Amino acid sequence: MRGRIKGDAAAPRMSRNDFWGVVLDAPDAGELAGFYASLLEWEIYKAEPAFVTVAPPDGVAYLACQTAEGYQRPVWPNAAQAQQMMMHLDFEVSDLETAVGHAIELGAVQAEFQPQSNVRVMLDPAGHPFCLYT
């Protein structure tokens, strides 16, 4: 991307300036960020009242959650006249059923509609679909 700093993988993480991430709207940023921090075993990187970032212990990717007033849960699968998902997250796992069980323990719900046998569509506590797959 033009204007983006090229990263040096050998540089210490905190001295790098090539971070990138995804931001999810939520009714409560801290609650949703806590869910993903637990699910992914990442750490809360930055926390403000309405914007919380979780990140892995290495690398330059992050997932942030921001409180959005008037937030409406998306539906899965998409339906006319309903808030549609704008995106979803994918996570590769080695044991699908174990990963599904863990996500449910943390507050996710397995979606009723499942399009593939090696994928489980899950809904996070704010209703965002995410996929666990092998």
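Both backbone and side-chain heavy atoms feed into the values below; hydrogens, waters and symmetry mates do not. These figures come from a predicted structure and were not determined experimentally.
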When rounded to the nearest 0.5 Å, the distance separating NE2 of H102 from CG of L40 is 9.0 Å
Measuring from atom CE of M122 to atom CG of L106, what distance do you get when rounded to the nearest 0.5 angstrom? 10.0 Å
Side-chain donor/acceptor of [X] to backbone N/O of [Y], under 3.5 Å:
X: E41; Y: S38; result: no
X: S15; Y: P12; result: yes
X: W76; Y: F113; result: yes
X: Q66; Y: A26; result: no
X: Y71; Y: A126; result: yes
X: T67; Y: A29; result: yes

For N17, what residues pass the side chain to side chain donor-acceptor pair (under 3.5 Å) criterion, not counting sequence neighbours? none
Walk me through whether C131 and H88 qualify under side chain to side chain contact (heavy atoms under 4.5 Å, CB included). CA-CA 7 Å; C131 294; H88 71 275; 3.7 Å; yes
Check each of W42, Y62, Y45 against P56 using the side-chain contact (heavy atoms from CB on, under 4.5 Å) test, and report the only one that passes. W42
Determine whether T134 and E92 satisfy the following criterion, side chain to side chain contact (heavy atoms under 4.5 Å, CB included), listing intermediate values before the conclusion. CA-CA 6 Å; T134 56; E92 184 174 6; over 6 Å; no
Do [X] and [Y] share a hydrophobic cluster, counting only Ile, Leu, Val, Met, Phe, Trp and Tyr and linking them when any side-chain heavy atoms are less than 4.5 Å apart?
X: L63; Y: V93; value: yes
X: Y36; Y: M87; value: yes
X: L89; Y: L39; value: yes

Can you sort out the partners of P125 under side chain to side chain contact (heavy atoms under 4.5 Å, CB included), two or more places apart, ordered by chain and number? E31, L32, F35
Suppose we screen for salt bridge (charged side-chain N to carboxylate O under 4.0 Å, His left out). Which residues come up paired with D18, at least two apart in sequence or across chains? R16
What pairs with E97 under salt bridge (charged side-chain N to carboxylate O under 4.0 Å, His left out), at least two apart in sequence or on another chain? R120
Check which hydrophobic residues are tied to Y133 through side-chain heavy-atom contacts below 4.5 Å, counting indirect links as well, and list them. V119
Members other than V23 in its cluster, when Ile, Leu, Val, Met, Phe, Trp, Tyr link by side-chain heavy atoms under 4.5 Å? F51
Side chain to side chain contact (heavy atoms under 4.5 Å, CB included) assessment of F130 paired with F91: CA-CA 8 Å; F130 67 95; F91 301 107; 3.9 Å; yes
Hey, mind stepping through V52 and K46 against side chain to side chain contact (heavy atoms under 4.5 Å, CB included) and telling me if it holds? CA-CA 6 Å; V52 181; K46 287 185 182 178; over 6 Å; no
